[in-house]
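One structure is given here, and the rest of the page talks about it.
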Amino acid sequence: MLDTSPPLIAFEHVTKRHGRGGIAVTALASVDFAIGPGEFVAIMGPSGSGKSTTLNMIGCLDIPTSGAYRFQGIDVGRLTRGQRALVRRHFIGFVFQGFNLLSRTSAVENVELPMIYRGLPFAERRGLALRALERVGLADRAHHAPNALSGGQQQRVAIARAIVTDPLVLLADEPTGNLDTRTSEEVMELLTRLNHDQAITVVMVTHEPDIARHADRILRFVDGRIESDRRKAHEPQS
């Protein structure tokens, strides 16, 4: 049967300009692409190429100057700021290079934060947070403060916080930028497992080819435009 459902994420002639008049800067110039459910996409490109602007727009933190960004078929640019916040809260998880953990709270309390904003009672959010930490292999570190964890463990806590609400999309902005090579591989193996086993759509910005190779598709930006859109070749089954 033909699938006529809209893509999860769709950019339609999206242009984004910052500033006005003669000092306006074009961050994105009539960009078109679509991402389906369950894809793992890496966004690459030099500084100023538009990759961070793209990630911010996918995360409903920004809207196009012209064109349309659609999330599950909904034109995000037509939503109010409050409606965009609800989309982020219910459908999108974020992972950052700097972890962004609260230093004076335990790992499990950090993971609980998105559910506090949703108004979930303590017992429910504590149970969900502990299960999320188990999913990232940190059940035994639930009550440790961030300063008692390694960099890789802190990033795992951040990933647990991002997935605790079972988002449709996980956005990762240079998720291994502060990690050594071995720990970076461990974090990428975790993201790959979440994508493959739990069908979470992952969109990741990275400047490292070794990290991007974990994705099934690489969008490369140059000067606000997509220079290439390459999908990983899968070996034929015997």
Side-chain angles (χ1 to χ4, degrees), residues 35 38-47 49 51-52 54-55 58-59 92-114 129-167 169-221 228 230-235:
I35 297 174
E39 285 198 74
F40 189 157
V41 179
I43 297 176
M44 302 190 72
S47 178
S49 62
K51 56 187 186 297
S52 294
T54 299
L55 200 72
I58 293 173
I92 301 172
F94 293 87
V95 179
F96 304 97
Q97 177 177 343
F99 315 144
N100 290 7
L101 302 178
L102 299 180
S103 60
R104 297 186 179 182
T105 59
S106 66
V108 70
E109 289 168 331
N110 269 281
V111 177
E112 285 178 349
L113 283 175
L130 289 171
R131 283 195 286 277
L133 285 170
E134 184 176 5
R135 288 164 70 184
V136 301
L138 282 182
D140 60 341
R141 296 290 189 270
H143 299 289
H144 287 61
N147 62 9
L149 302 172
S150 69
Q153 289 171 333
Q154 289 184 57
Q155 191 61 293
R156 285 174 178 266
V157 173
I159 293 170
R161 181 182 58 193
I163 65 171
V164 70
T165 56
D166 287 325
V169 180
L170 182 62
L171 301 182
D173 189 2
E174 299 281 5
T176 62
N178 287 339
L179 304 176
D180 60 43
T181 300
R182 182 182 62 81
T183 307
S184 295
E185 283 297 312
E186 292 174 355
V187 168
M188 291 312 302
E189 287 171 7
L190 171 60
L191 292 178
T192 301
R193 188 168 69 248
L194 291 170
N195 170 251
H196 288 176
D197 297 348
Q198 300 180 34
I200 296 176
T201 302
V202 179
V203 182
M204 171 184 69
V205 163
T206 183
H207 66 278
E208 302 176 66
D210 285 349
I211 298 302
R213 68 178 175 79
H214 290 271
D216 297 318
R217 177 182 175 193
I218 298 176
L219 289 172
R220 188 176 298 276
F221 281 73
S228 62
R230 181 171 57 84
R231 296 178 185 272
K232 183 185 294 184
H234 294 282
E235 295 182 1

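Throughout, residue positions are numbered sequentially from 1 according to the sequence presented. The structure presented is a predicted model; accordingly, all values stated were derived computationally and were not measured.
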Worked verdict on Asp166 versus Arg135 for salt bridge (Lys or Arg N to Asp or Glu O under 4.0 Å)
CA-CA 12 Å; Asp166 287 325; Arg135 288 164 70 184; 3.3 Å; yes
Min side-chain heavy-atom separation Val187-Ile159 under 4.5 Å:
yes
Nearest atoms (heavy-atom pairs only) where Gly152 meets Thr183
CA-CG2, 3.2 Å
Closest contact, heavy atoms only, Pro114 versus Asn110
CD-O, 4.2 Å
Is it true that a side-chain atom of Asn195 and a backbone atom of Thr201 form a donor plus acceptor pair closer than 3.5 Å?
no
When you look at Glu189 and Arg193, which way does the salt bridge (Lys or Arg N to Asp or Glu O under 4.0 Å) test go after all the steps?
CA-CA 6 Å; Glu189 287 171 7; Arg193 188 168 69 248; over 6 Å; no
Side-chain contact, heavy-atom cut-off 4.5 Å: Met188 with Met204?
yes
Kindly compute the distance separating CZ (Arg230) from CD1 (Ile218), expressed to the nearest 0.5 Å.
4.0 Å
Nearest atoms (heavy-atom pairs only) where Pro209 meets Met44:
N-CE, 3.9 Å
Could you tell me whether a side-chain N or O of Gln155 sits under 3.5 Å from a main-chain N or O of Pro175, the two making a donor and an acceptor?
yes
Can you tell me how far the CD1 atom of Ile35 sits from the CD1 atom of Ile58, to the nearest 0.5 Å?
4.5 Å
Which of these passes side-chain contact (heavy atoms from CB on, under 4.5 Å) with Pro167: Leu171, Val164, Val169, Thr165?
Thr165
Taking Asp216 for the side chain and Glu39 for the main chain, is one N or O donor matched with an acceptor at less than 3.5 Å?
no
Answer yes or no: is there a donor N or O on one side and an acceptor on the other, between the side chain of Asp173 and the main chain of Val95, under 3.5 Å?
no
Output yes when a side-chain donor or acceptor of Arg156 lies under 3.5 Å from a complementary backbone atom of Val136, and no otherwise.
yes
Separation between OG1 of Thr192 and CG of Leu194, rounded to the nearest 0.5 Å:
9.0 Å
Drop me the distance from Glu186's CD to Gln153's CD, to the nearest 0.5 angstrom.
9.5 Å
Minimum heavy-atom separation for Ala142 and Leu130, please, with both atom names.
CB-CD2, 3.7 Å
Please give me the minimum heavy-atom distance between Phe99 and Arg161, naming the atom from each residue.
O-NH2, 2.9 Å
Between the main-chain N or O of Pro46 and the side-chain N or O of Ser49, is there a donor-acceptor pair closer than 3.5 Å?
yes
Measure across Phe94 and Gly59 and return the closest heavy-atom pair with its distance rounded to 0.1 Å.
CZ-O, 3.6 Å
Going from CD on Glu174 to CG on Leu55, what distance comes out if it is rounded to the nearest 0.5 angstrom?
10.0 Å
Could you check whether any side-chain N or O of Thr176 sits under 3.5 Å from a backbone N or O of Leu179, counting only pairs where one atom can act as donor and the other as acceptor?
no
Going by salt bridge (Lys or Arg N to Asp or Glu O under 4.0 Å), name the residues that satisfy it together with Arg213, two or more places apart in sequence or in a different chain.
Glu185
With a 4.5 Å limit on heavy-atom distance, are the side chains of Leu102 and Leu113 in contact?
yes
Of Ile200, Val203, Ile92, which is the lone residue that meets side-chain contact (heavy atoms from CB on, under 4.5 Å) with Leu170?
Ile200
Check whether more than 12 heavy atoms from other residues, nucleotides or ligands sit under 6.0 Å from atom CD of Glu134, and answer yes or no.
no
Step by step, would you call Arg141 with Val157 a side-chain contact (heavy atoms from CB on, under 4.5 Å)?
CA-CA 9 Å; Arg141 296 290 189 270; Val157 173; over 6 Å; no
If you round to the nearest 0.5 Å, how far is OG1 of Thr105 from NE2 of His143?
12.5 Å
Taking the side chain from Lys51 and the backbone from Ile43, do they hold a donor-acceptor pair closer than 3.5 Å?
no
